[in-house]
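Below you'll find the structure, written out as structure tokens, and then a few comments.
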Amino acid sequence: MSPTPANTPTTWDEFLEGIWKQNPVFVMILGMCPTLAVTVSAVNALSMGISTALVLIASCGLVSLMRNIVPKEVRIATYIVIIATLVTAVDYAIQAISLALYDALGAFIQLIVVNCIILGRAEAHASKNPPLPAMINAAGMGVGFTIGLLSLGVVREILGAGSLFGISLFGAQFQPWVVMVLPPGGFFVLGSWLLFFSWRARRQQAREATQNA
Amino acid sequence: MTEQVAAQQVTPTGAMIRTLGLVSAICGLIIVGSYQGTFSAVQENKRIALERAVFKVVPKAKAVGEFYAVPGKGIAPAAGEAPAGAIKFYVGYDAAGQLAGIAAEGSGKGYADAVRIMFGYQPYCQCITGIGVVAMRETPGIGDKILTDRAFLANFEALDVKLSADLAALANEVKTVKHGTKTHPWQIDAIAGATITSRAVGRGINDAAKALLPALVPQLDKIRSKAP
């Protein structure tokens, strides 16, 4: 799974990797639990994305700093303790910022602890790289995850509630497509996005094949 | 690869314990620090959320007092641990410090989960004059109509919860009836298509009113004006 390339990538490439080539939601299909569950509105998606990104960047920074002093045998335990600590801090921060948001995100804030993107990044990247590249790579992944969540949240909120970031778009006569904000809606929208990216990739491949021929 | 490395150099037990201990200690400090750092802001948020919920059902209120009602023992300001069997309720006071209304929480089993509501009670009419939702997980677009459906909310302009002559029970139990069949002021006209959620609201109000009002109404004089 490790995406670490053989040649040393530039900082910009490190950042872009998580946004496009290795996007956690659309390419690696990781972190599906919050992706499907909290994306009923754009605000929820954005706050979940930002919370996860903050934990991701901070935990990768800490894991990278400690990479030379943590014995291999206890590394997973160490990573989990670090991640759980940062999630607890973010959990308190969200309660302090807005209780309404905290209630909307529910258990999925605590579940960031077991988000495989974070442990995956710590193990595959941060434990092998110095703090700066590790944090830049984590920031890219965090932004990529946030973009993934927002792509679902925006579509689901527009179709399922007729609004965007809580602002009504179509007026009172709009009949919302309720299934989009119910659990099946998450699968429909994610499936549609994956279909779109796959169609795009195939079209590009076909075009390259014709050019080469 | 890990096995080869492990075979070549064995990590001493002490180093492993030391590392885990150190990491745990640092993480403990971070957790306690963030708890302490956000404590006052979180408490303030909780207070604002409670005030907002009470002000919604008692619109004239400008301040909130928290009380316990213990059946058979009367009422007392909420402080410290709740006595056994106590029912919490909130008293809204207007700008002059006079009783503006009473708010209490009720809960009934809805379609997805418990529907927790806050209702406003007015002693002068012995009726419920407004409801708000504290927490629910009802289907969007169906169950959550209890927040927006005008005809349903009209049930709570003056929902009758008068006590019987001996003040020991409700004169008439609050009941949710099928859409369009409401005939008495203590009945709630359900939303067509969201009957289960409507019933949860009715049951929540009935259970809470049944428990709270017989303990509260005889003691109303104690809370008519705000304690200095």
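All chains are named by letter (A, B, ...) in the order of the sequence lines, taking the proteins before the strands, and each is independently numbered beginning at 1. All values below were derived from every heavy atom in this structure, side-chain atoms included, with hydrogens, water molecules and symmetry-related copies excluded.
For a residue to count as touching a neighbouring chain, one of its non-hydrogen atoms must lie under 4.5 Å from one of that chain's; by this rule Ala93(A) touches chain B with the backbone only. The part of Ile97(A) that comes within reach of chain B is its backbone (N, CA, C, O), which places non-hydrogen atoms under 4.5 angstrom from that chain.
Contacts with chain B (heavy atom to heavy atom, under 4.5 Å) involve these residues of residues 177-195 of chain A, listed by number: Val178(A), Val181(A), Leu182(A). Listed in order of number, the residues of residues 32-45 of chain B that approach chain A to under 4.5 Å between heavy atoms are Ser34(B), Tyr35(B), Thr38(B), Ala41(B), Val42(B), Asn45(B).
Side-chain atoms of Thr11(B) and Lys72(A), non-hydrogen and from C-beta on, never get closer than 4.5 Å to each other. Taking 4.5 Å as the limit, every side-chain heavy atom of Ile69(A) sits out of range of all side-chain heavy atoms of Thr19(B).
Annotation: maximal heavy-atom pairing with chain B below 4.5 Å, among Asp91(A), Thr78(A), Leu99(A), Thr88(A), occurs at Leu99(A).
Annotation for Arg47(B): atom CZ counts as buried by contact number, over 12 foreign heavy atoms lying within 6.0 Å. For Arg203(B), the CZ atom counts as densely surrounded, since its 6.0 Å shell holds more than 12 non-hydrogen atoms of other residues, nucleotides or ligands. Heavy-atom neighbours of Lys182(B) NZ from other residues, nucleotides or ligands within 6.0 Å: above the threshold of 12. A 6.0 Å sphere centred on CZ of Phe108(A) holds more than 12 heavy atoms belonging to other residues, nucleotides or ligands. The environment of Lys178(B) atom NZ is sparse: at most 12 non-hydrogen atoms of other residues, nucleotides or ligands sit within 6.0 angstrom.
For the atom pair CG of Leu62(A) and SG of Cys27(B), the computed distance is 7.5 Å after rounding to the nearest 0.5 Å. With values rounded to the nearest 0.5 angstrom, Leu20(B) atom CG is found 10.5 Å from Glu73(A) atom CD.
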